[in-house]
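Chain letters run A, B, ... following the sequence lines, proteins first and then strands; every chain starts at 1. Being a predicted model, the structure only gives us computed values, none of them experimental. Atoms considered below: every heavy atom in the structure, side chains included; atoms not considered: hydrogens, waters and symmetry mates.
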Amino acid sequence: MQLPEDYNELKMIRYQKIEELKNMAVNPYPYKFTRTHTAKDVVKQYDELGGEQVSVAGRIMSLRKMGRASFAHIVDMHGKIQIYVREDKIGQDNYSMFRLLDIGDFVGVTGQVFRTRTGETSILVTQLTLLSKSLRSLPIVKEKVEAGQHLVYDKFSDVEMRYRQRYVDLVVNPEVRKVFVKRSKIIGSMRRFMDELGFLEVETPILQPIYGGAFARPFVTHHNSLDIDLYLRISNELYLKRLIVGGYDGVFEFGKDFRNEGMDRFHNPEFTQMELYVAYQDYIYMMELVENMIAKIAGEINGTTKVTFQNRTIDLKPPWRRLRMYEAIEEKTDYNLYGKSENEIREIGKNLDIDVNALPNKGKIIEGIFEEFVEPHLIEPTFIIDFPIEISPLAKKHRDDPNLVERFEPYIFGREIGNAFSELNDPIDQRKRFEAQMEMKKQGDDEAQVMDEDYVRALEYGMPPTAGLGIGIDRLVMILTGSPSIRDVILFPQMRPESLGPNLKMDEDV
RNA sequence: GCGCCCAUGGCUCAAUUGGCAGAGCAACGGACUCUUAAUCCGUAGGUUGUAGGUUCGAUUCCUACUGGGCGCACCA
């Protein structure tokens, strides 16, 4: 047997406790425990359960040993409950076993529900079963309630460890657990919303021979037996629209997309998007759908359409403000760009201190001005509508102006949370747009989109008028949970690998 | 990719102008059958992220590296 030489002192002590338990014929890792109630049930239903026998299981999260009687709190998924363990109730042998237990161990208890002198609902334990012995000590977080204030001491707060060892974060920080429960409910609520509208949930490829549907650099991977490179999808769009061609009137997909870009508070290399495509509808319909959907989700999750983020409170109740991109820019810069030539706009960009030399065309300059001067001010929920055609190769031309497309992006708290348009279904126009993108790519725009012949072929068979939408789930969850960083709403955010130790990192570079 | 900041027992944090690395919690031993940040007495725990340098002497100053945070760039 391999001796645990590298164990630190605390781990060594726990290892020895496991050996002692084995010597007492206690299995530290048994197979099953049958519960009758959860911790929350017992606390909530004290009126019915007081004096009754219950069986509850959970992880020991606090421990107050005092001679021949002890108190502890055990925590399960939904709550915590105090247990009262007395030597005269469980017997001397079991009590010796209990004395070997630590914070972090899992136990199952059976006993009578009662209230302590101080009024806390508790279980007077008559049977105690060790369910799993922990070898590594948890960071201890202490808390107390004083004058209605919930005070936390020695909170486990090192963000690096919290993200790398999310399991520990979840164990000791209940508010983190709540965020991910909310995330799950948000997705559930959104799915229900679309089910009720009769849309079909589908799955499309993540590994794609041609990536498309967004401006982004992809991750590349390789398929061995086909001996071809494949790309991890940057969006679901082109496949979902093929399904509209195929005859489904409404399809949606929750899925991970992957973009090989920088990482920060708002960007993780893999992120979750919900994309939706609806036949016979346009972007006006989609705006109404978005504001109704978000408001409904907020109501279901938080009980209100008001949300507070970094000390500002807004209301998500429809209707949201709709603002044309040109008007939004004029509102903030006093420049009306509408109908201006590329050279004029380039000049205005210069006057506004935008680095126009880095921007290849008119559309990109307008977008640059917008992002710099307008975006940060879009705190209240707002639809920015009618975008320049150059930056929207998959959107349909505006019914009133061929230089624009019918497209909108919803903004909340200064952040884009989605993207939608009346989908381009004219195959001849679509081919031209792809060709224009290819031209931009040639001129060095490495995020320009690439021609997808099969997609154009699908359009050539005919796609009905269609409205499409993509919603960034992570950002929506950030807003609805008040989380300042995307890493707070992704269970396992991308991190650099932990260091391997000094003698394992030799053959790098070369 | 660039700039600024951070890294000290298991956890949360100290350490004066460079002068013996310390505390609380957790742990270990003892007391304790209604405690709840349990309490009381005692004990142990550290190559200060890594590798160099300056110095009689480095947690402290310098350089490089690793990891993280924030901002910028890129993007959603």
Parallel, tilted or perpendicular: which one describes the rings of A:Phe408 and A:Phe383, with boundaries at 30° and 60°? perpendicular

What nucleotide among B:G69, B:U33, B:G24 has an atom nearest to a side-chain atom of A:Ala69? B:U33

Contact check, side chains of A:Leu130 and A:Pro28, non-hydrogen atoms, under 4.5 Å: yes

With heavy-atom distances below 4.5 Å as the criterion, would you say the side chains of A:Leu424 and A:Val405 are in contact? no

Do any of residues 133-142 of chain A sit with a heavy atom less than 4.0 Å from RNA chain B, and if so which? A:Pro139, A:Ile140, A:Lys142

In terms of the nearest nucleotide of RNA chain B, which residue is placed more toward the 5' end: A:Glu9 or A:Arg64? A:Arg64

Once you measure the plane-to-plane angle for A:Tyr95 and A:Phe98, does it fall in the parallel (<30°), tilted (30-60°) or perpendicular (>60°) bin? tilted

Give me the distance, rounded to whole Å, that separates B:A58 from B:G49 when you measure between the C1' atoms they each carry. 16 Å

Which value, in whole Å, describes the distance between the P atoms of nucleotides B:G24 and B:G68? 33 Å

Answer for the Watson-Crick or wobble partner of B:A27, both distances under 3.5 Å, is B:U43

Quick test of the criterion, 5.5 Å between centres and less than 30° between planes. Is A:Phe271 stacked on B:A76 or not? yes

From B:A27, B:C74, B:G68, pick the nucleotide closest to the side chain of A:Leu10? B:A27

Identity of whatever pairs with B:U59 - Watson-Crick or G-U, under 3.5 angstrom: none

What nucleic acid atoms does A:Arg68 come within less than 4.0 Å of, heavy atoms only: base, sugar-phosphate, or nothing? base

